[in-house]
Engineer: 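Once you've had a glance at the structure underneath, I'll fire off some questions.
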Number of protein chains: 2
Amino acid sequence: MPSRQVSMGDVARHVGLSRSTISFVINGRTDIRIAEETKRRVWEAVAELGYRPHAGARSLASNRTNLLGLVTDIASSPFGGGIITGAQRAAWERGQVLLIVSIDVDASADAAMLEMLLERRIEGLIYATAGHVAVSLPASAAEVPVVLVHCEDVDGRYPSIIPDEEHGGYTATRRLIDGGHRRIGLINLDAPIPAAGRRSGYERALREADIDIDPTLIVSGSADAGAGYELARQMFRHPDPPSALFCGTDRVAMGAFDAIREAGLRIPEDVAVVGYDDQEIVASYLRPALTTVALPFEEMGAAAVEALNGDIEAFKGSVVRGSLVERASA
Amino acid sequence: MPSRQVSMGDVARHVGLSRSTISFVINGRTDIRIAEETKRRVWEAVAELGYRPHAGARSLASNRTNLLGLVTDIASSPFGGGIITGAQRAAWERGQVLLIVSIDVDASADAAMLEMLLERRIEGLIYATAGHVAVSLPASAAEVPVVLVHCEDVDGRYPSIIPDEEHGGYTATRRLIDGGHRRIGLINLDAPIPAAGRRSGYERALREADIDIDPTLIVSGSADAGAGYELARQMFRHPDPPSALFCGTDRVAMGAFDAIREAGLRIPEDVAVVGYDDQEIVASYLRPALTTVALPFEEMGAAAVEALNGDIEAFKGSVVRGSLVERASA
DNA sequence: TTGTATGCGTTATCAG
DNA sequence: CTGATAACGCATACAA
């Protein structure tokens, strides 16, 4: 328990140099030439004394914190953690740190949290959600650069980084077509933001392969297993049932699996299935393991940090692509 | 874009008081009596000028940061996010903030991350893992109070906050006994830290109910669905098979479900099943939904913050209890 | 109850 | 290349 922390002055005294010199070498400033020997001595003293810069003092003097705020509900959600991972990696590479605040999906008590972030002098704010939703930020958010991830703000003030749903729909469908299928069912999501994009990707893939779009093969419902089960059951009562299924969610696929088995069909021999989300727990433990389109969480997190560090306006309406995770169901 | 941030001095000038007075009212100091009228005027000016304290300056002057470091792999894991939620809630209540650093389960490049946390002058460190494992921290961690959550350090230097596995095993088994079962199978985990505790809870519940412990009803394997399937299959080839199953993991239960169905048995009518972990996605989307023992993640996170704020030694070897989540499988 | 003076650890400016 | 010196915004001992 050292009685006092060791400061830059202590280091200076130890090596018999001025504080400025210490500061220069510690910050690795290239605009000022310093003798190698001097640097060596400084670093040596730093190690010997166990000196550690004081971030608070530094931010006071330099008026920079290298702090980015990340407020998100993904910690209280079973997936989407990739956003944190991706954002943090990108931030770290730039010498930046994330101050993460976890909120509830519903909570609006986040004004106080934001205030706290502002007191800490964050230099940018990332607001990320696990689900693709519309949000509304406290007014004070506007005091720093803001990017939204996986959500959109109600009055379109801030740029959003969202998954390329059209491309995802296309990728999934294309995989099925490449597997030789021509009757491909789509169990889409009811009306949330992404549903439309997913469907048009599906249709584009079909058109490209000269397959007629059969509206009776397209249904939609909620995102859970129950809906998947019901909708799939219904679909396999079709006089000319599909040989492949693109499900809007891994959970939907999970339900569909049950219905397909109940119909006495095997996966993927009789029916190939592709899911959406790559919710690891569901997708990889399903039997057979689910081939699915991964949401690009890490990429979105990283993109958010890049946006904050670059021309933020350039990211308006930008979209990032997920990739197909091949397992055994298609 | 204000050309300069407004400081305490600006507020003081605005109301015609000294900076100390402003400081006193802003920090709500009760050891110094200040006229209500004065306070009112100060807060008014604060609002009018949009003054916001500078956390860096404050930490420099007071030598306190109210920052807690949380380094964890749960963001890159599908569950355990409750630790963040719980820790943050507890911290927030004490006016503290979490600096969260997400690491990979394997990564050991965390020395640099820890160094960064120390530069930010964290006043305590929480190291939390998604899985119950043994870890080893960089030496510099010892410079601040440390608590481990859901893990233990190899040389037992720091206190750990871990789930009460014995109690969990007891709770699950007890639930089955209360449901009228007397032949209860246990599919335990192979040799990781928690397995032993779980089993002794199971045995205690049995003994309490005067049920003989049948070693042939106790098997163990890895934590995944594949193992659950195999082990359960095996168990139902027993001449006198169990009418209830306690699975060491929800994923194991997921596999067991398949085996039970294959054996032509119904859940829970013919076989009652209780899982462990309460991995929401698995447990709630299984059909029937899985009754399971929840790991007390939020409570552990909160306990960690409390430990850091109190007598940290008192938390050595302390254990926190999860609770049963009743669904439909038992 | 309020004001003054000082110091916290850094960075930045500017002169050598 | 190096060394004084002055901020940075706030808390606090001390004086009034």
Side-chain angles (χ1 to χ4, degrees), chain A residues 2-42 45-46 49-67 95 116 118-121 123, chain B residues 2-43 45-46 49-67 95 116 118-123:
Chain A
S3 59
R4 199 179 62 88
Q5 48 184 316
V6 8
S7 76
M8 220 164 83
D10 299 327
V11 178
R13 206 166 308 118
H14 193 80
V15 292
L17 291 174
S18 75
R19 292 192 326 233
S20 332
T21 307
I22 311 298
S23 176
F24 292 152
V25 1
I26 280 182
N27 294 338
R29 289 183 53 159
T30 51
D31 54 338
I32 289 168
R33 301 221 54 80
I34 297 201
E36 285 306 320
E37 169 61 10
T38 307
K39 289 185 189 168
R40 205 189 47 69
R41 279 171 53 215
V42 170
V46 164
L49 268 42
Y51 165 71
R52 185 153 30 223
H54 187 300
R58 187 177 283 194
S59 87
L60 184 55
S62 68
N63 201 26
R64 304 230 348 126
T65 58
N66 289 312
L67 258 190
M116 177 276 285
L118 260 12
E119 287 188 6
R120 303 266 172 191
R121 295 302 189 267
E123 302 180 332
Chain B
S3 59
R4 200 179 62 88
Q5 48 182 317
V6 8
S7 75
M8 221 163 86
D10 298 327
V11 179
R13 205 166 309 118
H14 192 79
V15 292
L17 292 173
S18 76
R19 296 193 326 237
S20 337
T21 308
I22 311 297
S23 176
F24 293 153
V25 1
I26 280 181
N27 294 338
R29 289 183 53 156
T30 52
D31 54 340
I32 288 168
R33 303 220 54 80
I34 298 201
E36 284 307 319
E37 168 62 9
T38 307
K39 289 185 188 168
R40 204 188 48 68
R41 280 170 52 214
V42 171
W43 284 119
V46 164
L49 266 42
Y51 165 72
R52 183 152 33 219
H54 186 298
R58 185 177 287 197
S59 85
L60 186 54
S62 68
N63 199 25
R64 301 223 0 119
T65 58
N66 289 313
L67 258 190
M116 176 277 286
L118 261 11
E119 286 188 7
R120 304 267 171 191
R121 296 303 189 267
I122 54 168
E123 301 180 333

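Computed from a prediction, not measured in an experiment: that's the story for all the values here. Lettering follows sequence order; numbering is per chain, from 1.
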Engineer: Between B/I34 and A/S62, which is nearer to the 5' end of DNA chain C once each is assigned its nearest nucleotide?
Structural biologist: B/I34
Engineer: To the nearest 0.5 Å, what is the distance between CZ on A/R120 and OG on A/S59?
Structural biologist: 10.5 Å
Engineer: May I have the distance from B/I26 (atom CD1) to D/dG9 (atom C1'), rounded to whole angstrom?
Structural biologist: 11 Å
Engineer: So, is A/R29 near the phosphate of C/dA12, with a side-chain N or O under 4.0 Å from OP1 or OP2?
Structural biologist: yes
Engineer: Measure the CZ-OG1 distance between B/R41 and B/T21 for me, rounded to the nearest 0.5 Å.
Structural biologist: 10.0 Å
Engineer: Let me know, please, whether B/A57 or B/L17 comes out on the 5' side of the other along DNA chain C by nearest nucleotide.
Structural biologist: B/L17
Engineer: Holding to side-chain contact (heavy atoms from CB on, under 4.5 Å), I want the full list of residues that pass it with B/I122, two or more places apart in sequence or in another chain.
Structural biologist: B/L67, B/L117, B/L118, B/L125, B/V144
Engineer: Would you classify A/N63 as touching base, sugar-phosphate or nothing, given that sugar-phosphate means primed atoms plus P, OP1 and OP2, and contacts are heavy atoms under 4.0 Å?
Structural biologist: nothing
Engineer: Rounded to the nearest Å, what distance is computed from the CG atom of residue B/L60 to the C1' atom of nucleotide D/dC8?
Structural biologist: 9 Å
Engineer: Under 4.0 Å between any heavy atoms, over every strand shown, what does B/S20 touch: base, sugar-phosphate, or nothing? Just pick one.
Structural biologist: base
Engineer: Please determine if a side-chain N or O atom of B/S7 lies less than 4.0 Å away from the OP1 or OP2 oxygen of D/dG9.
Structural biologist: no
Engineer: If you look at every strand shown and take non-hydrogen atoms under 4.0 Å, does A/S59 touch a base, only sugar-phosphate, or nothing?
Structural biologist: nothing
Engineer: Return the value, rounded to whole Å, for the distance between atom CG of A/N27 and atom C1' of C/dT10.
Structural biologist: 9 Å
Engineer: Within the pair A/T21 and D/dC1, is there a side-chain N or O less than 4.0 Å away from OP1 or OP2?
Structural biologist: no
Engineer: Which value, rounded to the nearest 0.5 Å, describes the distance between A/D10 atom CG and A/R19 atom CZ?
Structural biologist: 10.5 Å
Engineer: In whole angstrom, what separates B/L49's CG from D/dG9's P?
Structural biologist: 14 Å
Engineer: Taking atom OG1 of A/T38 and atom CD of A/E36, what is their separation to the nearest 0.5 Å?
Structural biologist: 9.0 Å
Engineer: Check the distance between C/dG9's C1' and B/R120's CZ and give it to me in whole angstrom.
Structural biologist: 15 Å
Engineer: How long is the line joining CZ of B/F24 and C1' of D/dA15, in whole Å?
Structural biologist: 12 Å
Engineer: A/R33 or B/R52: which one's nearest nucleotide on DNA chain D is closer to the 5' end?
Structural biologist: A/R33
Engineer: Which nucleotide in the list C/dG3, D/dG3, C/dT11 gets nearest to the side chain of A/R19?
Structural biologist: C/dT11
Engineer: Does B/M8 reach a base, just sugar-phosphate, or nothing at all? Heavy atoms under 4.0 Å.
Structural biologist: sugar-phosphate
Engineer: Return the value, rounded to whole Å, for the distance between atom CG of B/D10 and atom P of D/dC8.
Structural biologist: 10 Å
Engineer: Rounded off to whole Å, could you give me the CZ-to-C1' distance for the B/R58 and C/dT10 pair?
Structural biologist: 20 Å
Engineer: Check whether any side-chain N or O of B/S23 sits under 4.0 Å from OP1 or OP2 of D/dA11, and answer yes or no.
Structural biologist: yes
Engineer: Would you classify B/I32 as touching base, sugar-phosphate or nothing, given that sugar-phosphate means primed atoms plus P, OP1 and OP2, and contacts are heavy atoms under 4.0 Å?
Structural biologist: base
